[in-house]
Peer 1: 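Once you've had a glance at the structure underneath, I'll fire off some questions.
Here is how names work: the chains are called A, B, and so on, in the same order as the sequence lines, proteins then strands, and each is numbered from 1.
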Number of protein chains: 2
Amino acid sequence: MGRLFGLFFLGWASMACVPAALAEDGYDLWLGYRTVEADRVQAYRPHVTQLVAGTATPTQAATRAELMRGLEGLLGTAPATTDSITQDGAVIVGTAASSPLIARLALDTRGLGPDGYLIRSATVDGQAVTVIAANQDIGALYGAFHFLRLLQTGQPLEHLDIRETPRVKLRVLNHWDNLDGHVERGYAGASIWDWHKLPDYLDPRYTDYARANASLGINGTVLNNVNSNALSLTPMYLEKTAALAGVLRPYGIRVYLSARFSAPIEIGGLKTADPLDPAVQRWWREKADEIYKTIPDFGGFLVKANSEGQPGPQDYGRSHADGANMLADALAPHGGTVMWRAFVYSHEQPDDRAKQAYSEFVPLDGKFRDNVMVQVKNGAIDFQPREPFHPLFGAMPKTPLMMEFQITKEYLGFATHLVYLGPLFEETLKADTRQHGKSSTVAKVIDGSLHGYAITGMAGVANIGADRNWSGSHFDQANWYVYGRLAWNPNLSSQAIAEEWARMTFSNDAAVVAPIVAMMMGSREAAVDYMTPLGLHHLMGRGHHYGPGPWISGGPRADWTSVYYHRASADGIGFDRTASGSNAVAQYAPAVAREFGDLHRVSEEFLLWFHHVPWDYQTRSGRPLWDELVHRYTRGVDYVRGMRKTWDGLEGRIDPERHAQVADFLAIQEKEAKWWRDASIAYFQTFSKHPLPEGYAPPAQSLEYYESLEFPYAPGNG
Amino acid sequence: MGRLFGLFFLGWASMACVPAALAEDGYDLWLGYRTVEADRVQAYRPHVTQLVAGTATPTQAATRAELMRGLEGLLGTAPATTDSITQDGAVIVGTAASSPLIARLALDTRGLGPDGYLIRSATVDGQAVTVIAANQDIGALYGAFHFLRLLQTGQPLEHLDIRETPRVKLRVLNHWDNLDGHVERGYAGASIWDWHKLPDYLDPRYTDYARANASLGINGTVLNNVNSNALSLTPMYLEKTAALAGVLRPYGIRVYLSARFSAPIEIGGLKTADPLDPAVQRWWREKADEIYKTIPDFGGFLVKANSEGQPGPQDYGRSHADGANMLADALAPHGGTVMWRAFVYSHEQPDDRAKQAYSEFVPLDGKFRDNVMVQVKNGAIDFQPREPFHPLFGAMPKTPLMMEFQITKEYLGFATHLVYLGPLFEETLKADTRQHGKSSTVAKVIDGSLHGYAITGMAGVANIGADRNWSGSHFDQANWYVYGRLAWNPNLSSQAIAEEWARMTFSNDAAVVAPIVAMMMGSREAAVDYMTPLGLHHLMGRGHHYGPGPWISGGPRADWTSVYYHRASADGIGFDRTASGSNAVAQYAPAVAREFGDLHRVSEEFLLWFHHVPWDYQTRSGRPLWDELVHRYTRGVDYVRGMRKTWDGLEGRIDPERHAQVADFLAIQEKEAKWWRDASIAYFQTFSKHPLPEGYAPPAQSLEYYESLEFPYAPGNG
C-alpha cells in the first residue's frame, strides 16, 4: 500500500462524515461501538493505553482486530499496539502458549476448558494491566468481546476479576434456509447464504455474521433447512460449505448440515436408505470421509426424520436410534455429532400430538451412540407463544437432550411484532421437571448437571436473513442476542440480558434503557394475551401461520387445524389432557403431573392447555372464564398501545432512522393485535353465546370478514 | 424537535466518523455526493453560496432536499437557503408559478414541456446567479439533478446555458417481481417491494429508489412481473400499490401494473375473459375506476398475452388489438396507457420464432386505440448478447412502438459478469431500419420522429433487488444508469454515459476514469465473443439460462432448445434465415434485407444469425470459420483477463470494499468465460471435426463433463 493509497484513504475518511453516512440501519447489531459519553471516555482511557495481542493465528488476528475496532469506536482512538508494556493501562490478551506475558503471570486457567476465559486487573513489571487470558485462542476472543461489553454497557474497568466458562458445549444456530434462498419461517428477507456465488465470492457479511455470533459464544451453525435437500451433500455444495467454514473458523464456529435421510437414494444411486443396510452405512461413512477431507472441523448432521413428511428410518421399520446411530458411526471417527430431532408426530397416530415425541423417544433412552444428541423443542407442540416445558426434559437421563428454541417468530407476529423472547426462554429453562426432586430444572437437563450428560447443547432456529438489519426488525436482534447469551449460560436473567442488549444497541442513557427494558420484558406476555391467552395454542392461520385462524378445520391433518387444539363447544373450551382426556399430564414427573392435572392448582397460564373448562368457570380473578378471556385479549392490545406511547416518548433519544421503523412496526403490531383479539372473540363468542363484559369493545368486523381474509404470499411459508 | 434532540443528533454525527462507517457498499449508487477535490471545492463555492428553492409541494421539497444533500456532500457545506438574494452565487430553482424570481426572469420555457428544464447563468439585481427553471415542478427536479451532475463530473459552473427536454415521453422500468418476493431473472436478491409490510411500512429504500430514478428522468415503474398474478389487482394489493405510488409521486414516477388477462375469471368471478364480452369489458372498466380512485395518476397496464403460456385474447379467437383496446377503453377516461408486449411466439407455429411477432403484429398496425403502445424487445429472439434489431421497428408506422431493453443480465452472465450494456442499447438505437430511406434509425422510431407517434416510450427490465448495492454488482448499476439516460435521449453516446457514471460513482481522477471506461466499453463485445460469437444465439443452459448449453435439445418446445438456433452439423453451422431458409430477412426493409441476406455483405456480427455456413468458409480475417470461432471465443476470455489486470492496477484508487468485490466477480467472470469457451468449443468440435488452430488451448474438460453440470438453484429462474 503506497503513499497514494494513504492519501486516497484519507479522502474516504472525510467523506464518511457527510450526512448520508449518519443513517443507523441496524446492520451493526449490538456491535456498533459508538463513542461513549465524554466522562466515560476519560474514565476508560487510562485502562486501555496499549494493546498486547498476538496475530499468529486467524483467531488471534480476529481478536486483535475486534479490540482495535471496538476500542477505537468506543473511545475515539485505538490503543497503541505493542509487544512490551511501557505504561499503565495495557490490555494483554491471549493464551499462555501465545503470549509470553500471560505465561509469566501463571494464571490459574484450569477448569476454563477451551472456551472459557479470565479478565483480571493485574500488575506486570510494576505497570497496571488488564489481562484477558484463556487456554485456547477462541477463549481469548470470547474474553475480548466480554471486555468490550464492559465498556459498551458502562461498567467500570477497575479491579476486574471475571471468570467465565460456558455451561453448554454446543451453542448452535439452525438456519431453515433452502438452497434457492428462501428461508422457511424467515421474516428477514432471503437467506444470507448466497449459494450461487459460493465458493468464489465470500460476502463480507459472512464475517460480520461470525463476529456477531462469536460475541455471544455461539460456536456452531447448521447452514440448511431441517426440511433438507440431498443436494447439500453433493460435491458442488460441499465445496461451497467448505468456503463458508473457512470464513467462520477463525471465530470458533463449526458448520453443520441438515442431512436428508434418503440422500443415499437421491444422490447416491442406492435403492434404499435403510440404516441397517451395509451399503447405506458405507455410503454415509464415505460421505463423512469426503466431508471431513475439506472441512476437518465439520460439526456433524442435524436430522429431521419421520416428521411432517420427511424420510427416516421408520420407512424401513427401524427406530430413530437405528437411524441416528448409523450417522453417528459415520461421523465418530472424525469427532462429529448427530443432532436428532425429537419433533415427531404422525397424523396416522390417533393419540394427542403433544404426547407422541415422548412416547417414541423415552423407550429409546440409552440406545443412542455417545455422539448423538436428541434435540427437543421447548414445548411438545410447536414453538407456541406459551407452552409448558416438554415432558421429555428429565425423562431421558441416559441420552443427552439438546434444547431447540425458535428465535424466528413463526408464531409470535413475524418481524413486525415487538416480542422479546427472553422471558419465554427463561420460563422454560427455569421450569422444574421434578424428575430428581425439587430444582430439577430444565436448565440443569440442558447444561448436563442433572443427569451428568457428557455432551450438552442448545439450538436456536435463526431469525437471520438478508434484510439490512439481519433480523427483520431492530428488536428482533435482541432475540438472537438473548438466545446466544442463554446458550452460554442458561441461568442468566432475561431481564439483565435485555438491559445489556439495550445499552449496547441503543444507548447507556438510563432514560432510554429503563423504558426499553420495561417494554421488552412485558412484550411476550402481551403476545400471549392477544393471541392465545390462558393456555390456548395453535390458533393461527393455516400454512403461513400469519394472523388468527381459530376457525381452521378440515384439510389433510386434524393436528394441523385449530379446532383440534381449542375444542371449543357450547359446554366450554380447552384440551383435556388430564386422566379424563388424553392424559398427557402423565408424561410429566408425578409432582408436576398432579399440578398440571388439577384444575385448582394448575397455573392459569396453562389452564386450557390441560383442561376443558366451562364458559362460566370462575377464574382466579373472580371473572368467569369468558370474561377473563375477553379481558386478557384486550389487555394484550392495551399493552401494545402502551409500548407505542413509551416509544413515542423516546423520540429524540433514539436515532431517527431506527426510531421511525420501530414506531411503524409498533403501529402494525397494534393493528394486528387488535385483529387477533377481535377475530378470536368473534369466533369463540359463537360457542360461549355470552355478551362481552361491560366496557369491552365488540370486534370491529364480523366473523365472516375475519374468516374471509387470505394471505397467500405471507412470508416464510414452508 | 427540542434542544435535547439537537444535542443528541450531534452525538450521532460524530459517531459517523468511526472507521466502520467508511464502508462503501454501493447503496448510494451514483448519488454518493462525495466531497470533490479541494481545488474544485474552491472553484465551485462562489457559484453556490445561496439556494432559493420552494417547498410548497412535495416535489419542490424533494428538489430542495436533494440540492442541499448533494451540495453539502460535494462541497462539504450546504448553501444558505434564502428567499432574497444577497450575494453572488445564488442558485434559483423552480417554475415561474412557484418562484417570483424566476417569473421575473421571463425565461423562454416554451417547448420544454412538463419534464424539460433550463440551467442558465444569469444576473438578478446585479448578482450573478444560476437559474434552474422549468414549466413544472418535476422539470425543476430533473434540472436540479443535472446541476448536481455538473459538479459530480467535474464540469465548470460558469456561463451555463443548458436546455434539456426528454425525447421520449414514457421512460419506464419493468420489474419482473412476483408477489412472493422472487424476481424472475433477478440477480440482485429478492424484490425490493416488501408487499407483506405494505401499506403500513414504507421502507426508506423506496424513497432512495425514487431519487435514483428521478436523477435519470425515469418516470414510470411497472411493479409486478409480466408473468402476472391476478391478485395484484385485488383491493388488498391495490392498497399496497397506492402506498408505493404515494412515495414515488413526488419524484415524478407513476406506477403501472402488469395485468393478467384472465383476471376477470380469477378474481372477478366471470366465466370468460373474452375482450368482446360486455361483462368482461365492464369488469375492466370498474377495475380501472377502482384503481384511479386511490391512485389518480396510475400509469396503466403492461400486458404479456398469449406468450409462453400466458392467457390472452387469442384464447377466445380475438386479436391482440381486441385485447389491448378493451383495456385501453377502460383506462382512457383516466388518462392511462396500455403497454402491450409484442414478445409472442408459439411452439405450435412451425415458422421461425424470429418471424412470429412481426407476422402477428404488422397486420394489426392502425388497429390499436390511441392510448395503446406496443412494446417490442430490441431483437426478435430474446435479449441475446447480440441480436439484429427487431424487424417490427419501422414496420408499424401507425402504432406507437415502445422499446423493451433488458437491464437485468439474464443472458449476459448474471450479476457477476462485468458487461456494460450501453453499447448494446446504442447499437440497437443506431441501427438503420431504412424504412423511410437512410437514417431511419430505431432511435427515430422510438422517439416518434420517424412516424410522428403521438406517444413514445422506452421500457427497461430492471436489474434491481434487495441486495445492498441494488443491482447485484457495482458495475451493473451502470446498466440501470445507461438505460435511464438513453430513455431520456436515445441519441446519447454510451461511452459518454459510461464516463459520466464512472465519475459519479467512483472518481473524477483521470487515472481511474479512463481505464474503467475502457473496460466497460469493450465488455459487451467480450461477452458476445465468449458466449455467442459471429451471430450465434440462444445457447445457454435450459431454464435458468446460466452457463453454456449448446447441446440443449428435446424438452417441451423446440424453440426453447439450442440446436433449434445453431443448427450445427457436419456441413456447417448457423440458421439460414435467407430466402433459401426461413426468409426472416424479408421482414426487414429491402435495403436491409439485401444486406442481411447476402453472405458477402452481412456484418460478421450477424453471420450465423442469418446464414448456415460451412466450417471451412473463409471469414474476413482470412481464417476459416472454425478457426475464427475458436479465435473469438478465446478473444473473449482474454478480454476478461485483461479487465482483471486493469482492475488490479486500480487498487488503492478505488475504495477497498468495492475494489474487492469487483475483483472477486471478475475472477468468477474469467472462470465462467473460460467455461463458455471450452464447453462451446468441445461441443461444436463434434461437428466441425477440425482440430483447434495452433496456439489455442484445448478445452480443460471433456464435453461430457460440461454436459453433466446441473444448477437447479441458479438464481432468477422463472
Peer 1: Main chain of A/L202, side chain of A/K197: is a donor-acceptor contact present, judged purely on distance under 3.5 Å?
Peer 2: no
Peer 1: Is there a donor-acceptor contact under 3.5 Å from the side chain of B/S507 to the main chain of B/D509?
Peer 2: yes
Peer 1: B/N229 versus chain A, heavy atoms under 4.5 Å apart: side chain, backbone, both or neither?
Peer 2: side chain
Peer 1: What part of B/K671 gets closer than 4.5 Å to chain A, counting heavy atoms only: side chain, backbone, both or neither?
Peer 2: side chain
Peer 1: Listed by residue number, which members of residues 178-186 of chain B have a heavy atom under 4.5 Å from any heavy atom of chain A?
Peer 2: B/L179, B/D180
Peer 1: Would you mind checking which part of B/E37 comes under 4.5 Å of any heavy atom in chain A, side chain (CB onward), backbone (N, CA, C, O), both or neither?
Peer 2: neither
Peer 1: Relative to chain A, which segment of B/L709 carries a heavy atom at a distance below 4.5 Å: side chain, backbone, both, or neither?
Peer 2: neither
Peer 1: Heavy-atom distance under 4.5 Å to chain A: side chain of B/D25, backbone, both or neither?
Peer 2: side chain
Peer 1: Using only atom types and a distance under 3.5 Å, with no angle test, would you say the side chain of A/W470 pairs donor to acceptor with the backbone of A/Y27?
Peer 2: yes
Peer 1: Side chains of B/E72 and B/Y33: do they bring a donor and an acceptor to under 3.5 Å?
Peer 2: no
Peer 1: What part of B/F665 gets closer than 4.5 Å to chain A, counting heavy atoms only: side chain, backbone, both or neither?
Peer 2: side chain
Peer 1: Students often mix this up, so state it plainly: with edges at 30° and 60°, are the rings of B/W195 and B/Y237 parallel, tilted or perpendicular?
Peer 2: perpendicular
